[in-house]
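One structure is given here, and the rest of the page talks about it.
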2 protein chains.
Amino acid sequence: MNDYVVIGCSSSPRWCAISRKAGGLTLSDEARRVTSVDVAAESGFSQATVARAFSSPHLVSPATRETIEQAADKLGYIPNAIARSLKSQRTDIVAAVVPAQGEYWQHALISFGRQLAERDKQLLLFSFSDSADVARVIDSVQQYRVDGMILASANVTQVQLARLNRGAMPIVAFNQPAASGIIPSVSVDNAAGTAALATHLVEQGCRKVTFVGGRSETSTDQIRYRGAAQELGRHGAACAYLEAGSFSYDSGYKAAAHLAELDELPDAVMVSGDELAFGVLDGLRTLGISAPDDLLLTGFDGLPQASWAGYDLTTLVQSIDSLAEHVIDLLLSAQPETEIADIVVPGTVRVGKTTRRLSNG
Amino acid sequence: MNDYVVIGCSSSPRWCAISRKAGGLTLSDEARRVTSVDVAAESGFSQATVARAFSSPHLVSPATRETIEQAADKLGYIPNAIARSLKSQRTDIVAAVVPAQGEYWQHALISFGRQLAERDKQLLLFSFSDSADVARVIDSVQQYRVDGMILASANVTQVQLARLNRGAMPIVAFNQPAASGIIPSVSVDNAAGTAALATHLVEQGCRKVTFVGGRSETSTDQIRYRGAAQELGRHGAACAYLEAGSFSYDSGYKAAAHLAELDELPDAVMVSGDELAFGVLDGLRTLGISAPDDLLLTGFDGLPQASWAGYDLTTLVQSIDSLAEHVIDLLLSAQPETEIADIVVPGTVRVGKTTRRLSNG
DNA sequence: TGAATGAATGACTACGTAGTCATAGGGTGC
DNA sequence: GCACCCTATGACTACGTAGTCATTCATTCA
């Protein structure tokens with residue numbers, strides 16, 4: 001009765017494709033992959049019914065389903081998502097294009113992954129170190145016909161966006177204010193965020209503030225600075241801008257030296273990102289300048305480390321999970337007729353000891 | 001002459017599929033996807049030649065290639081990686097199954113992504129918070145017929161490994177010592193690492209050490225502890241084990257309280273992971289116990305933050321890039337006949353101020 | 001009881017590509 | 001001038017699935 005030989009389905013060691021000889025029948029060295037056709041033959045139903053048993057179980061009678069599942073188990077059948085995608089024009093994969101560096105992006109990435117998993121989607125990761133790579137990366141993404149793309153790079157040119165528009169792929173820009181209005185985007189309210197931090201500083205009596213930015217050409221930096229400067233201006237306080245060069249810890253550490261070289265220390269330093277702020281804080285400490293005592297200091301992002309006792313940084317907390325949820329919602333519910341969405345999520349100020357004066361006037 | 005209408009290729013807004021009516025000809029609302037067949041028609045060559053022009057350019061004459069590329073550009077053709085994968089049985093995708101929490105994993109992830117990108121592979125991310133999810137995740141992975149899988153979970157049971165072996169998918173375990181010998185694995189030399197740190201502590205005069213582990217049931221913890229305890233024993237020093245509960249900062253912070261409650265402080269605290277160590281360090285500081293002065297403290301992993309001035313932690317630096325490179329090499333060169341590889345990469349001790357006594361006897 | 005309805009299933013085909021085989025020339029060696 | 005080889009190309013088909021349509025059979029309603 002059992003006149004076929006099942007290959008590579010029993011306890012064959014590791015991933016080697018085991019060939020077996022049975023009854024004089026010589027099989028190829030390649031282990032044949034088990035398909036829905038094999039399961040159909042084993043179970044006595046048609047391939048169509050087997051496919052339905054897996055993709056639309058409600059269309060198959062319980063008894064049949066049971067039989068098919070047993071046959072599938074016996075053969076070790078696993079549906080082929082590639083073939084499914086080709087046929088159904090859906091991959092259930094979302095691509096994320098994110099910078100390789102930076103704590104913030106790493107946390108965002110994990111959040112995307114989690115939210116997508118909840119909706120039975122997978123995350124295809126494309127990270128880039130040099131923003132010149134972005135174009136190449138985007139070409140790659142398009143080939144995979146993913147269901148959507150999360151774009152977290154500030155360095156996409158108009159030309160690149162045009163190329164993206166040629167495809168039929170939903171795209172959402174993540175924390176990339178420059179893209180707002182061009183492609184659907186989700187960001188934290190950067191301007192309101194730094195404004196809120198500025199208000200807090202003014203309340204602490206600050207009149208002279210230096211804003212330490214990562215890279216001045218990023219829209220993020222520009223908007224955050226403007227938000228701070230305007231709010232400070234409204235209260236008659238000054239706000240200078242100092243560029244650190246990047247958003248990394250090291251850049252912040254070095255920027256601290258520049259701050260210390262100023263003729264007069266500012267009342268407060270507002271830093272454009274938390275990671276950068278950690279660097280500034282440590283740099284200043286090394287130079288004997290303490291955060292709550294000699295000047296106040298704020299960050300931006302609300303990274304977990306900001307809450308660590310070693311830093312306890314006043315910062316603007318972005319709810320990354322909430323941002324990510326909006327991104328995924330936009331992607332997966334993408335309606336062609338909808339106008340270009342531009343979702344701005346407010347952040348909340350976290351007051352740490354870097355702005356908490358012992359004696360407060 | 002131009003009796004067809006190209007759809008969605010010009011400057012159509014965003015990703016909407018634009019329908020156009022031309023000369024009484026009504027086209028469907030769905031933008032038709034451009035395939036190699038369309039490019040063939042446009043260029044005058046066959047589909048086979050078009051496919052070759054993209055996948056094996058050397059088999060096509062330069063003139064033909066040029067013509068085809070122009071036609072492809074005109075139509076906005078992008079090769080379909082899904083169809084290619086179905087036909088070629090290669091996806092050029094590697095899956096990574098990693099814990100959602102933990103700085104260390106995030107860095108590893110980024111390193112995997114970078115190394116894979118260099119080899120024109122993509123990274124499909126599967127993260128899990130609860131290790132109970134791992135089985136479900138692994139089922140998902142198998143459906144995508146990825147070219148390989150990086151497994152960075154310590155909680156894969158024998159049964160799950162057996163299921164994996166049914167497939168023909170190369171797998172490499174990453175920093176999961178328990179898997180060594182069962183599936184190919186790559187890890188840092190945990191035992192030698194803690195032994196080296198222990199040697200360093202002994203040289204600093206430590207006789208009484210407490211090892212703070214994350215979770216005692218993980219093989220990582222066990223091996224690291226054993227490495228430390230044996231080396232300390234060889235020098236007549238004692239080594240107690242304290243379980244923090246997880247490898248997170250918070251766990252470390254809480255574990256510090258337990259340390260402080262001991263009748264007598266140890267000479268040194270060895271912590272099983274850097275993130276955990278940051279927590280211990282901050283927790284002790286809060287309790288008035290300073291790292292180089294009241295006791296020495298070491299971590300493990302060599303996270304970037306360990307070098308930050310705020311911590312300056314003595315730790316065992318794992319070269320994540322080097323580990324990742326070994327992982328990718330193993331995956332992509334997977335030879336069925338090779339015996340199960342078990343690559344152990346040495347780490348290096350980084351001496352920070354947490355073990356640097358001002359006055360050294 | 002006959003027609004209508006619905007559930008369950010099978011036959012067939014399209015999805016878009018790449019590899020196999022066959023074929024047509026153009027060049028080379030003798 | 002013939003046999004040979006190599007390059008460039010085309011026709012054809014398989015990859016594994018899911019959706020469309022047709023068919024069968026049981027059930028329901030008038």
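The basis for the numbers below is simple: all heavy atoms, side chains too, and nothing from hydrogens, waters or symmetry mates.
- Counting to the nearest Å, the P atom of C/dC15 and the CG atom of B/Asp38 are 10 Å from each other.
- Of the side-chain N and O atoms in B/Thr49, one or more sit less than 4.0 angstrom from OP1 or OP2 of D/dG10.
- As a whole-Å value, the separation of A/Phe45 CZ from C/dA11 C1' is 16 Å.
- The shortest distance between the side-chain N/O atoms of B/Ser61 and the OP1/OP2 oxygens of D/dT9 is below 4.0 Å.
- Taking side-chain N and O atoms only, B/Tyr77 has a distance below 4.0 Å to OP1 or OP2 of C/dT17.
- Rounded to a whole Å, the CD1 atom of A/Ile68 is 13 Å from the P atom of D/dT17.
- At D/dT9, none of the side-chain N or O atoms of B/Arg52 fall inside 4.0 Å of OP1 or OP2 (strictly under the cut-off).
- Side-chain proximity of A/Lys87 to the nucleotides C/dT9, C/dG10, D/dA18 is greatest for D/dA18.
- The distance from the CG atom of A/Leu75 to the OG atom of A/Ser36 is 11.5 Å, given to the nearest 0.5 Å.
- C/dC15 atom C1' lies 13 Å from atom CG of A/Asn80, rounded to whole Å.
- Toward the 5' end of DNA chain D, the nearer of the two residues B/Ser46 and B/Gln89, judged by each one's closest nucleotide, is B/Ser46.
- Distance, B/Gln142 CD to D/dG16 C1': 17 Å, rounded to whole Å.
- B/Phe54 comes within 4.0 angstrom of nothing in the nucleic acid, heavy atoms only.
- Screening B/Ile110, B/Asp321, B/Leu123 for a side chain to side chain contact (heavy atoms under 4.5 Å, CB included) involving B/Gln115 leaves a single residue, B/Asp321.
- When the nearest nucleotides of DNA chain D are assigned to B/Leu86 and B/Leu59 by heavy-atom distance, the more 5′-ward of the two goes with B/Leu59.
- Using a 4.5 Å heavy-atom threshold, the side chains of B/Ile343 and B/Val172 count as separate.
- With rounding to the nearest 0.5 angstrom, the CZ atom of A/Phe45 is 11.5 Å from the CZ atom of A/Arg52.
- Interatomic distance, A/Phe126 CZ to A/Met149 CE, rounded to the nearest 0.5 Å: 8.5 Å.
- Contact check, B/Thr64 against D/dT9: a side-chain N or O comes under 4.0 Å of OP1 or OP2.
- A donor-acceptor contact under 3.5 Å links the side chain of B/Gln47 to the base of C/dA18.
- The CZ atom of B/Arg84 sits 14 Å away from the C1' atom of C/dG19 (whole-angstrom rounding).
- Judged by Watson-Crick or G-U wobble contacts below 3.5 Å, the nucleotide D/dG19 has C/dC12 as its partner.
- Rounded to whole angstrom, the span from the CZ atom of B/Arg33 across to the C1' atom of C/dA14 amounts to 11 Å.
- Under 4.0 angstrom from either OP1 or OP2 of C/dG19 there lies no side-chain N or O belonging to B/Ser88.
- Whole-Å rounding puts the B/Arg90 CZ to D/dA14 C1' distance at 17 Å.
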